[in-house]
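The structure appears below as structure tokens.
For clarity, every value in this text was computed on a predicted model and none was experimentally measured. Order of the sequence lines sets the chain letters (A, B, ...), proteins ahead of strands, with each chain counted from 1.
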Amino acid sequence: MNKTVFLTRVGLLSAVSFVLMYVNFPLPPFPPWLKFDFGDVPAMIATFSLGPVAGVVVQLLKNILYFLFKGTATAGVGSVANFLAGVALVLPAGLIYRRYRSRSGALWGMSAGTLSLVVTMAAFNYYVLLPLFAALMDLPLEAFVEMAARTIPQITDLRTLVILGVTPYNLVKGLSVSLVTFLLYKHIARIFKLHTRQNMVE
Amino acid sequence: MLKGITIGQHYPGDSLLHNLEPRIKIAIITAYIVSLFLMQGPVGYLAMMVITLAAVFIGQLPLRLLLRGLRPLFFIIGFTLVLHILFTKGGTVWLQLGRFTIESQGVLTGSLMAWRLMLLVMTTSLLTLTTSPIALTDAIEGLLNPLKRIGVPAHELAMMMTIALRFIPTLLEEAEKIMRAQMARGADFESGSVLKRARAMIPLLVPLFISAFRRADDLALAMEARCYRGGEGRTRMKVVLIRLGDWISLASFIGLMVVLVWLGI
């Protein structure tokens, strides 16, 4: 693929990703600070149509733009977490699809991405994110656990907090992004393949 | 749904703060954040607040603009305060209801942390308020340039970010238009489960993506017609130089921070 086309397509997909990230919404069973958005969909499209590197770059640019525009209450920790989650979702999908270019390859890729998102974010929350937030707010970690235990009584320690509080959110997120990408891809694959061919003729 | 979104918060002006070189500005704000986390107590936070307010004054920014930037964060600030009041114990007991107590240490630490968060958000937003997004992108490219040697594509990243910045308003407007068109046909974007929302997104996303791809390919053609061939040997219309005054500002700010942290307040 032509390098300039790669740059402009990744740039535009990052812009779409940012726009979709802006339209976020809380989802009732989850606490209000875990918001849903479809900003990962353009990154997924990028990873399938332009390769895994493009997917990672879209995630990177989306988060830098969001950080610059929306400011931060967490000294950038939230943006780094979102970037990491995005890469965990998009990279395996892209790597698998590159090897197996078919509908089932895409489905396996997105399943692997969702699984990797869930596992990565559980580990990251447990070892880095929650301790870091606790340090940032000058709170003991137990405060988070006790707070969460008031809504979900099964939560008793940090491990159950991650399993019951973080994992379902990432699972729903991975699945919904995969679903939208799957429904979308067949509609738009035709168009950008056509465009590439036109460019080559020109 | 998309109403009331203002992209970017740049507040143009011609003050000392606006004219500071963006790379220097980023360095100064980083120094501020590091110092803020090294501060021990209320005296240090007071000093930092004076510095932030002085910067707001120098930049001739309306204070309400900064306060408006805090609004989305009321939740997390309040959350910090409540957690501290509930879980940090010590000092005198102010209120006792059965096993539940509010103690002075909790209220004190909670207020300090909420204060620190507010300073953090206000000061970082000073950067985006006084620097245009394009200038910021150039600054990021400048800061990444030394990393080119280890394979970081600084120019390409900055170019993609500039392209994204240029098209965000266009795409937002387009998304709004498509949304209205679909809503006029009875589409519902604002309710239902994830599954329902995901399905509802399709008629919005298909035209949005197609238009994005079309614009991208048109832009690539236009760039190549003008002989774009990457960052190698590329010159700029506006060259941003770090002047002596910028270095002096940076040095004196870092000096001030070192003194404040060293005082241990």
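- Proximity to chain A (any heavy atom under 4.5 Å) is shown, for B:Leu219, by both the backbone and the side chain.
- Within the 4.5 Å cutoff, no side-chain heavy atoms of A:Val177 are placed close to those of A:Leu117.
- Using a 4.5 Å cut-off between heavy atoms, A:Ala46 makes no contact with chain B at all.
- For B:Leu157, the parts lying near chain A are the backbone and the side chain together; criterion is any non-hydrogen pair under 4.5 Å.
- Each of B:Leu208, B:Leu204, B:Ile202 was evaluated against B:Val206; a single residue qualifies, B:Ile202, per the side chain to side chain contact (heavy atoms under 4.5 Å, CB included) test.
- For chain B, the nearby parts of A:Leu7 are the backbone and the side chain; heavy atoms of each come within less than 4.5 Å.
- If you measure heavy-atom distances from B:Met160 to chain A, the contacts under 4.5 Å come from both the backbone and the side chain.
- Distance alone, capped at 3.5 Å, places no donor-acceptor pair between the B:Thr109 side chain and the B:Gly106 backbone.
- For chain B, the nearby parts of A:Val180 are the backbone and the side chain; heavy atoms of each come within less than 4.5 Å.
- The existence of a salt bridge linking B:Arg23 and B:Asp138 is excluded, since no basic side-chain nitrogen approaches an acidic carboxylate oxygen closer than 4.0 Å.
- Here the CE-OH distance, from B:Met159 to B:Tyr228, works out to 4.0 Å after rounding to the nearest 0.5 Å.
- The contact between B:Met223 and chain A is made entirely by side chain atoms (from C-beta outward), counting heavy-atom distances below 4.5 Å.
- How far CE of B:Met48 is from CZ of B:Arg116: 11.0 Å, rounded to the nearest 0.5 Å.
- Of the residues considered (B:His84, B:Met161, B:Glu174), B:His84 shows the highest number of contacts with chain A, using heavy-atom pairs under 4.5 Å.
- Residue A:Leu184 touches chain B through both its backbone and its side chain, counting heavy-atom pairs closer than 4.5 Å.
- Contacts between A:Leu20 and chain B at a heavy-atom distance below 4.5 Å involve the side chain alone, from C-beta outward.
- Two residues are said to be in side-chain contact when any heavy atoms from C-beta on lie closer than 4.5 Å; B:Tyr32 and B:Thr52 meet this criterion.
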